[in-house]
A.B. asks: 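Before we start, here is the structure in question, set down as structure tokens.
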Protein chains: 2
Amino acid sequence: MTKLERAERPDMPTEAAQAHRFGKARSAQSAALLEDYVELISDLMASVGEARPTDVARRLGVSHATAIKTISRLKREGLATSRPYRGVFLTDDGEALAERVRKRHRLVVDLLVAVGVPGDCAEADAEGIEHHVSDVALAAFRDFLARR
Amino acid sequence: MTKLERAERPDMPTEAAQAHRFGKARSAQSAALLEDYVELISDLMASVGEARPTDVARRLGVSHATAIKTISRLKREGLATSRPYRGVFLTDDGEALAERVRKRHRLVVDLLVAVGVPGDCAEADAEGIEHHVSDVALAAFRDFLARR
DNA sequence: CTGAAATTGTAGCCTCGTCTACATTTTGGT
DNA sequence: ACCAAAATGTAGACGAGGCTACAATTTCAG
Ligand SMILES: [Mn+2]
Ligand SMILES: [Mn+2]
Ligand SMILES: [Mn+2]
Ligand SMILES: [Mn+2]
């Protein structure tokens with residue numbers, strides 16, 4: 001099989017461009033878990049006044065051991081603090097991230113609903129989609145919602 | 001801190017619903033890598049006539065060792081076959097999945113563009129988003145594109 | 001005030017996805 | 001036909017994220 005030149009397959013992106021896109025998606029994924037945690041912790045603090053590991057675990061559908069381990073990663077990354085047997089608290093960085101993530105989540109849901117996706121489905125899909133929506137796309141979503 | 005009842009925090013979903021959504025997003029993520037591989041392999045077969053591990057690795061931006069290991073997972077799951085030093089081939093199941101994934105990818109890009117996201121950005125974001133778009137949402141996207 | 005239940009924490013195991021380093025096989029230019 | 005270069009495959013390490021099992025602490029009902 002002889003090697004084909006780039007020009008002979010104009011339907012595919014260049015190797016470099018494609019590799020870059022896949023790399024982006026991979027790193028978005030690695031941030032996704034932390035984003036969900038800080039958003040959830042922030043929501044729990046706002047609605048029940050505290051975020052306890054067990055609640056976090058139940059809401060995420062994982063074991064409490066898993067939640068605790070991820071929370072320690074949050075601490076390692078400077079997004080949260082906690083003392084033994086006390087709840088989890090977000091640092092300023094953590095709270096700022098939560099804020100951004102919460103807004104993004106809402107915007108994604110709104111966009112999905114605006115293009116005709118049923119509410120529950122929009123909520124469910126947004127939970128995964130949100131982590132892959134760039135700032136540029138978010139801005140486009142805002143514009144679209146404003147002028148539709 | 002006394003326990004609050006569900007009714008007192010109407011702004012959050014129930015624990016069960018939320019856990020279910022997060023679980024969905026997690027399993028979508030675990031399928032994402034295989035989806036990207038079969039789509040890429042199928043594209044390579046169509047445009048250059050074969051899919052070799054090194055090409056797959058370069059396009060994904062990972063080492064060839066990583067690509068080979070993931071390809072063996074593809075084989076384990078019945079999506080691909082390969083013989084030593086020959087290229088990779090998709091099974092009927094693999095080809096069917098590739099077809100679905102390719103259509104979904106295009107539809108997601110088209111939807112993003114239709115709501116105003118710039119082309120390159122749409123392509124980049126779609127690479128991650130596509131794996132989290134349910135069939136129901138896809139149908140809504142199709143309708144939206146048809147009648148906009 | 002006290003002991004059972006709930007919560008929190010720790011330890012150890014697994015799989016997946018990534019890498020580097022090295023070994024083997026195939027390919028292609030002379 | 002040969003040998004160097006490219007491609008392919010294998011081995012071993014690591015971190016993330018999940019689990020179960022068990023230990024320690026805190027909370028609360030009686
Ligand atoms: Mn999410
Ligand atoms: Mn979210
Ligand atoms: Mn993808
Ligand atoms: Mn894709």
A.B. asks: Tell me which pairs pass salt bridge (charged side-chain N to carboxylate O under 4.0 Å, His left out) where either residue lies in residues 136-148 of chain A, with sequence neighbours left out.
C.D. replies: none
A.B. asks: When Ile, Leu, Val, Met, Phe, Trp and Tyr are grouped by side-chain heavy atoms lying under 4.5 Å apart, directly or through other members, which residues fall in the same group as V109(A)?
C.D. replies: V113(A)
A.B. asks: Under 4.0 Å between a side-chain N or O of T66(B) and OP1 or OP2 of dG17(C)?
C.D. replies: no
A.B. asks: Using heavy atoms and a sub-4.0 Å distance, could you list which residues of residues 22-34 of chain B are near DNA chain C? By number, please.
C.D. replies: L33(B)
A.B. asks: Identify all side-chain donor-acceptor contacts of residues 94-101 of chain A below 3.5 Å with residues at least two apart in sequence or on another chain.
C.D. replies:
residue	atom	partner	partner atom	Å
E95(A)	OE2	S42(A)	OG	3.0
E99(A)	OE1	R102(A)	NH2	3.3

A.B. asks: Want to settle it: does R76(B) or G61(B) sit nearer the 5' end of DNA chain C, counting the closest nucleotide to each?
C.D. replies: R76(B)
A.B. asks: Output every pair passing salt bridge (charged side-chain N to carboxylate O under 4.0 Å, His left out) with a member in residues 80-90 of chain A, not counting sequence neighbours, ordered by first then second residue.
C.D. replies: none
A.B. asks: Do Q29(A) and H131(A) have a side chain donor and acceptor closer than 3.5 Å?
C.D. replies: no
A.B. asks: Identify each atom pair where a protein N or O and an N or O of nucleotides 10-12 of chain D are less than 3.5 Å apart, giving names and distance.
C.D. replies:
residue	atom	partner	partner atom	Å
dG12(D)	O6	K69(B)	NZ	2.9

A.B. asks: Under the salt bridge (charged side-chain N to carboxylate O under 4.0 Å, His left out) rule, collect the residues that match up with R21(A), sequence neighbours excluded.
C.D. replies: E123(B)
A.B. asks: Could you tell me how far apart D55(B) (CG) and dT8(D) (C1') are, to the nearest whole angstrom?
C.D. replies: 12 Å
A.B. asks: Rounded to whole Å, how long is the line connecting atom CZ of R73(B) with atom C1' of dG17(C)?
C.D. replies: 9 Å
A.B. asks: Please list, by residue number, the residues of residues 77-90 of chain B whose heavy atoms come closer than 4.0 Å to an atom of DNA chain D; answer none if no residue qualifies.
C.D. replies: R83(B), P84(B), Y85(B)
A.B. asks: Has T54(B) got a side-chain N or O lying under 4.0 Å from the OP1 or OP2 atom of dA7(D)?
C.D. replies: no
A.B. asks: Return the set of residues passing ring-ring contact (aromatic ring centres under 6.0 Å, His included) with H105(A) (not counting sequence neighbours), or none when no residue passes.
C.D. replies: none
A.B. asks: Verify the contact: side-chain N or O of T70(B) to OP1 or OP2 of dG17(C), cut-off strictly under 4.0 Å; return yes or no.
C.D. replies: no
A.B. asks: Quick one: list whatever passes salt bridge (charged side-chain N to carboxylate O under 4.0 Å, His left out) with R26(A), sequence neighbours left out.
C.D. replies: none
A.B. asks: Apart from F141(B) itself, what residues make up its hydrophobic cluster, given side-chain heavy atom links below 4.5 Å?
C.D. replies: L107(A), V108(A), L111(A), L112(A), V115(A), V117(A), I129(A), V133(A), L138(A), F141(A), F144(A), L145(A), L107(B), V108(B), L111(B), L112(B), V115(B), V117(B), I129(B), V133(B), L138(B), F144(B), L145(B)
A.B. asks: Establish, with yes or no, whether the OP1 or OP2 oxygen of dT18(C) is under 4.0 angstrom from a side-chain nitrogen or oxygen of S63(B).
C.D. replies: no
A.B. asks: In this structure, how many angstroms lie between the P atom of dC16(C) and the CG atom of D36(B), rounded?
C.D. replies: 17 Å
A.B. asks: Using atom CZ of R58(B) as one end and atom C1' of dT18(C) as the other, report the distance to the nearest whole Å.
C.D. replies: 19 Å
A.B. asks: Looking at D55(B) and R52(B), does any basic side-chain N land under 4.0 Å from a carboxylate oxygen?
C.D. replies: no
A.B. asks: Over how many whole Å does the gap from L60(A) atom CG to dA16(D) atom C1' extend?
C.D. replies: 15 Å
A.B. asks: Give me the other members of the hydrophobic cluster that Y85(B) sits in, counting Ile, Leu, Val, Met, Phe, Trp and Tyr linked by side-chain heavy atoms under 4.5 Å, directly or via other members.
C.D. replies: none
